[in-house]
Structures are given as structure tokens and as C-alpha cells.
Amino acid sequence: MSEERSLNFIEEIIENDLNSGKYKTLITRFPPEPNGYLHIGHAKAICLNFGLTKKYGGYTNLRFDDTNPVTEKTEYVDSQQADIKWLGFEWKNELYTSDYFETLYQFAVKLIQDGLAYVDHSTAEEIAQAKGTPTEPGKDSIYRSRSIEENLDLFTRMKNGEFPDGACILRAKIDMAHTNMLMRDPIIYRIKHADHHRTGSTWCIYPMYDFAHGQSDSIESITHSLCTLEYVSHRELYDWFIEKLEIFPSHQYEFARLNLTYTVMSKRKLLQLVNEGHVSGWNDPRMPTISGLRRRGYTAASIREFCERIGIAKRENLIELSLLEFCVREDLNKTANRVMAVMDPIKMIITNYNQDSEILIGENNPEAEDKGGQREIPFSKELWIEREDFMEEPAKKWFRLAPGAMVRLKFAYIVKCEDFKKDENGNITEIYCTYFPDSKSGEDTSGINVKGTIHWVSAMHAKTAEIRNYDRLFTVESPDSEEGDFKDYLNPDSVEVIENAYIEPYLAEANAETGYQFIRKGYYTLDSDSTAEKLVFNRTVSLKDAWAKGKK
RNA sequence: UGCCCGAUAGUAUAAAGGUAGUACAACGGUUUUUGGUACCGUUUGUCUAGGUUCGAAUCCUGGUCGGGCAACCA
């Protein structure tokens, strides 16, 4: 099929199955539990499942694994659907495990009839106690040998709501001494008198994951059921139920989940960050959620590219955040219009500029195929420039402004620094320059060569905006393998808010969903907090900065 | 102390018994009206001990290290 690119181990399995005629059509599924927001780790699974059927044909179902009514909400169903669509994938069928509750119930009845399941009245503690340990076998429950008739009757009564939560459970009868703990008579149905987000109060017994997932795969004729490594030991049970129920044999294959440096990925920990107010919500731009990344300015294409590059394997991994950043820079470099914004302003006065102002023309994106078009940029006698672009006593290899030094103002003229003014504290307040009228960008006849080009905004035309410069959320590579609580390693400087940055007028009409490059600074996007009066920009990622790096 | 996974440059990922390659990172250079981009180059690797073989990252055995497994969660 594909000769050029090497295959990952799942693609190899699929190609073998397709070539041998084992399956004619590939069917996969993405099965999130609707109990939280999707994150970049889910994106890996989404790209895998949908990408496979895109590549080999067939289709992918979206199935909400909603077997636990107390944790699941419609709100999450909606956000998860939106995130998958935004990532650029389309599912064939929108399905819910809860659609199969009746079928699953019948499956359980069959198991009982075949003498392979029983109702147990032991308490949770007793069951845990009797389970044994990985090195010691468990003990049979005293309810294990009940008659089929009695089990049938009790299970019916469980379903009819005759028992309170926890009074009893239905267990598969396998082997209490099995070396795989999951095979020691696993619980398959429990009583929960709780409202389900889709089935309401129709049911008061709900199947456990292990008694729902494989069967749901089977019902949908999923050929390749892909999940993460922590389910490896569940596969034995998955296969056991399919065999005993004599239903379509879906097969489970496991791959390593994504771990990212300077990030936590578990839903529990992300929820904690939200609940304890360390971030503003699930879509805080520092969160690794799809909605957070989107708000931060990450593009769907860049996330898909990232998932492509990290590969699929069975080994535990910790991917460097720099790869994700590379992917978004690579994408935005081709699409983001170049604009100018000054974050830490200092005034520059061009002493020999005698006009009021003029309109300059700027090319929006030299890297785009169509160059991104052009825009007007007003220029005048007084400008804002970046404080860090001036050094009173220039360092070695300093290409920027310093007394007597010359730089080009991007899209405009070459200027020479003639003088500067300080306040009583020694802070520089104003810089005085002269400009070379014949050095205008695009029609430069001055013959002057300068090493540095800096960005600027015309003071009289500037608009203001709030700029939020985000950085990594944690100070250590692997917050959850560090000693103590992962929250001890939160980065106190994960966001720097600049209340009043100066932006060029063109940006007043910035729209969300669009990435901009603030020249020499980074990629930015309009935040949803923006109002007509106050624009807010998020830094998606900084530009590489060889100068800053060299100084360290 | 049981069972199950896994182990290739700093990080990932290829090489189906036959040249250890690619990307990111790092470092150096060229180009540049962004110290960006682009382009070129450099450094760094098969966990270990045996065995099979003309030949082993790959197959076999032992060991070491890492991860998972004892929720009425998924």
C-alpha cells in the first residue's frame, strides 16, 4: 500500500488484515467518556483512529462511553464534538454506549444463563479483601455458587430497582486465582440510582467499562479497537466476554499514550487546576486541552502535524514541548500576516522629519505563496519603539539602536540615533534620531547598509491592546514524576500581562481564528476576552530568538 | 514476591537477519529590510551478558532498568 513511508505497528497489522482478506473494510472508533474536555493526548488518539480510515478507507465512529451517569454531562458531549470537528475530522456515526444498555443487559442475562455470572451481596470492602493481591490468589465469594434461577431472579430485581446502591453487584464467574487480577470475577453491573444524561431514570443498573467497551465495539463491528497501554491487561477480559457471548470478534490493540514536557495530562489533575483556580478554566490558553490550545492560537493543522510526527509505538514516551512549538511556528510562518506591536514602549522622535505623517505600504507575509497582500502603515515624527531595542552602552555584536548607531525601521526608513534623554532615576525616556529620506523601504537609494531592523508604531496613530504572553505552565519537565504535589511546580510566571501595548491601526480589525506574527516577537491571536473597546491578544508561541539565546 | 508490557543519539521515531536513517533539540555557517524564515554543515545512539548465524538493533536464553495490574472509574 504505502511503500515510501514506514508503517507504525498498527498500520502493519491493518495492512496484513486487509491484504489477507480478514477484513474487507476498516472500522475504528474514538470512544471518549463525556466527563471532561479533550486534550492533546486525545488528539493523538483522534488523529490515529480517523487518520487510519482516511488512509485505508472504511470509517470511524464517534462513541461516547457513557456508562457512569454520575460523572457525565451533555456539556462535555458538546465540547468533545466541537473539538473533534475543529481538528478536522468527521465521524460516520454518532453513537452512545447508553444506546446499547438493553443489549448489554441481555448479554448479562445470557452469561447468567450459561452459569458464567452471579449476583454478589458482599460489600465493596469484602470484595476487595477477597480479591487477593498480585502475588496471592483471591477467595471465592460465598455467593459464587448460587443457582442460575436465583441469579436470574436477583438480577431482574436489581434492574427493577428493588435494591439500594451498593446492595449487590453482578460479577462474571471466571477464576479467583487468576494471575491477571482483572480476571478474578470482575464486577460487570452495579446499582446506581442516578439520572443519566441520556437515558434519565430508565436504568438503575449500569455496566462497568469492561462489560461495555468490547461489546460495543462488537456491536459496531469495529475491526481494530485502539486504546492506550493501561488497557493491555484488560484485553484478556475483552476477549473472554466476546468469546463467551459469541459475538463479532473485535480486536484490541494498545499504543503508548502521549506525555508532554512541562505539562500534566491526566483529567484528574487538569480538573484540579480548573477547580482550584490555578487557571481560568478548561480553555485557559495554558491548558493542554484542545480548547485551550485553540484559544492560545494553535491551529488544527499544527496539532495534526504534531500527532503525525510523534509517531505511534508501545514504549512510554515524554515528548518535548519544543516539537509542538515547532509545528505551530511552521504552520503560522506560512499563514500569519506580519504586523507591528510595541510591548514595552519608549518614544523615538525623528528630529528632521518635517511632515505630519505619511502612509507606508507593508507586505503582509513574505513567506506566504500570495505574499498575503499589502496594507497601509502610518508613519510620523514620533514613534513608539521597544525599550529593549536601545542600549546606551552597546554590547558586542549589538545590531540595534545605540548612540550614533543606525537601524532600519521596518517598512520605513533608516534612522540614526543622535541623542537620548533620561529621567532622574536614570531611565531612558526619549530617543532622538535623524532619518534618511532617500532610504525609504522599497525605494532605497541611500546606499547605507545597516545590520539591524526594528519594529515600531506611530505614536499618533497607535491603538492600544492588552497582550498576554504565555509561557509553560510548569517549571519542571515532568511535574507528575517529581516529589511532592505536582502543583508545587506551577510556573508563577506562566503569563505576563501587558495592559497597554501599542499596536498598529491595522490590528484594530483583527479577527479571532487568525494568527498574526508580531514582527520579531512571536505569533499572536485575538483572545475571546476581547471587546470592541479593548482588544486582547494571546501569544501562541514566541519566535526563536538567537540573540537572547546567545546572551545566556 | 506473581502476571503483563517495554528498552535505538538529549527527545521521539525508522531500519520485516545484510550501509543504524529521519525529525525536533543543541552547536556552527550562508542568505536576509524580522537576531524570524530558508539553506548548508557538525556533534550525539542499538540496556547488559551469553547463544544461533557468513552476518544480529532485529532471533533465543539469562540479567538489569522503566511502566502497568489489587475503583461498585473509564
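Chain letters run A, B, ... following the sequence lines, proteins first and then strands; every chain starts at 1. Computation of the quantities below employed the complete heavy-atom set of this structure, encompassing side-chain atoms and omitting hydrogens, waters and symmetry-equivalent molecules. Remember, predicted model here, so these are calculated numbers, not experimental data.
Stacking between A/Trp547 and the base of B/G35 is present: ring centres sit under 5.5 Å apart and the planes differ by under 30 degrees.
In this structure a side-chain-to-backbone donor-acceptor pair under 3.5 Å is missing from A/His196 to A/Tyr206.
At the heavy-atom level, A/Ile312 lies under 4.0 Å from the strands shown only through sugar-phosphate atoms. Here A/Leu182 lies out of heavy-atom contact (under 4.0 Å) with every strand. When heavy atoms are screened at a 4.0 angstrom cut-off, A/Gly138 is found touching no nucleic acid atom at all. Across all strands, A/Leu543 comes closer than 4.0 Å to base atoms (heavy-atom distances). In this structure, A/Ile519 reaches the bases: a heavy-atom distance under 4.0 Å links it to at least one base atom across the strands shown. In this structure, A/Asp210 reaches neither bases nor backbone, as no heavy-atom distance under 4.0 Å exists between it and the strands shown. A/Glu325 comes within 4.0 angstrom of no nucleic acid atom, judged by non-hydrogen atoms across all strands. Residue-level contact check: A/Tyr189 touches neither bases nor backbone, having no heavy atom under 4.0 Å from any strand. Nucleic acid contact for A/Thr97: none, since no nucleic acid atom lies under 4.0 Å from a heavy atom of the residue. Residue contacts shown for A/Ile169 include a base, since a base heavy atom lies under 4.0 Å away. Within the nucleic acid shown, A/Thr67 comes within 4.0 Å of sugar-phosphate atoms alone, with no base atom in reach, counting heavy atoms only. Residue A/Ser322 is in sugar-phosphate contact alone, with no base atom involved, counting any heavy-atom pair closer than 4.0 Å across all strands shown. Among the protein residues, A/Arg309 comes within range of the sugar-phosphate backbone only, with heavy atoms under 4.0 Å from sugar or phosphate atoms but none that close to a base. At the heavy-atom level, A/Ala124 lies under 4.0 Å from base atoms of the strands shown.
The listed nucleotides are B/U37, B/A14, B/C72; the one nearest the side chain of A/Asn333 is B/U37. Taking only side-chain atoms of A/Phe326, from C-beta outward, the nucleotide of B/C24, B/U34, B/G35 with the closest atom is B/C24. Checking B/A25, B/A12, B/U34 against every side-chain atom of A/Arg338, the shortest atom distance belongs to B/U34. Nearest to the side chain of A/Ala313, among B/A14, B/U34, B/C72, sits B/A14.
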Identify each atom pair where a protein N or O and an N or O of nucleotides 1-6 of chain B are less than 3.5 Å apart, giving names and distance.
| residue | atom | partner | partner atom | Å |
| --- | --- | --- | --- | --- |
| B/G2 | N3 | A/Pro134 | O | 3.0 |

Just the table, please: protein N/O against nucleotides 26-30 of chain B N/O, every pair under 3.5 Å.
| residue | atom | partner | partner atom | Å |
| --- | --- | --- | --- | --- |
| B/A26 | OP1 | A/Lys549 | NZ | 2.6 |

Short heteroatom pairs, N/O only, protein and nucleotides 42-48 of chain B, under 3.5 Å:
none

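Here the two rings, on A/Tyr262 and A/Phe474, have centers that are 6.0 Å apart or farther. In this structure, A/Phe379 has its ring center under 6.0 Å from that of A/Trp456.
The local environment of CD in A/Glu162 is crowded, with over 12 non-hydrogen atoms from other residues, nucleotides or ligands closer than 6.0 Å. Within 6.0 Å of the NZ atom in A/Lys139, the count of heavy atoms belonging to other residues, nucleotides or ligands does not exceed 12.
Applying the side-chain contact (heavy atoms from CB on, under 4.5 Å) rule to A/Ser216 yields the partners A/Arg63, A/Thr97, A/Tyr100; only residues at least two apart in sequence or on another chain are considered.
Comparing B/G67 with B/C72, their P atoms sit 25 Å apart, to the nearest whole Å.
Of the charged side-chain nitrogens involved, at least one lies within less than 4.0 Å of a carboxylate oxygen, so that A/Glu388 and A/Lys521 count as a salt-bridged pair.
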Side-chain donor-acceptor pairs under 3.5 Å in residues 409-417 of chain A, sequence neighbours left out?
| residue | atom | partner | partner atom | Å |
| --- | --- | --- | --- | --- |
| A/Tyr413 | OH | A/Glu358 | OE1 | 3.1 |
| A/Tyr413 | OH | A/Glu358 | OE2 | 2.6 |

For A/Asp210 and A/Tyr238, what are the C-alpha separation, side-chain angles and deciding distance, and is it a side-chain contact (heavy atoms from CB on, under 4.5 Å)?
CA-CA 7 Å; A/Asp210 285 306; A/Tyr238 182 105; over 6 Å; no
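In RNA chain B, runs of at least 3 consecutive Watson-Crick or G-U pairs, each pair with both distances below 3.5 Å, span B:2-7 with B:64-69, B:10-13 with B:21-24, B:26-30 with B:38-42, B:47-51 with B:59-63.
A/Arg198 forms a cation-pi arrangement with A/Tyr96, by the criterion of a distance under 6.0 Å to the ring centre and an angle within 45° of the ring axis.
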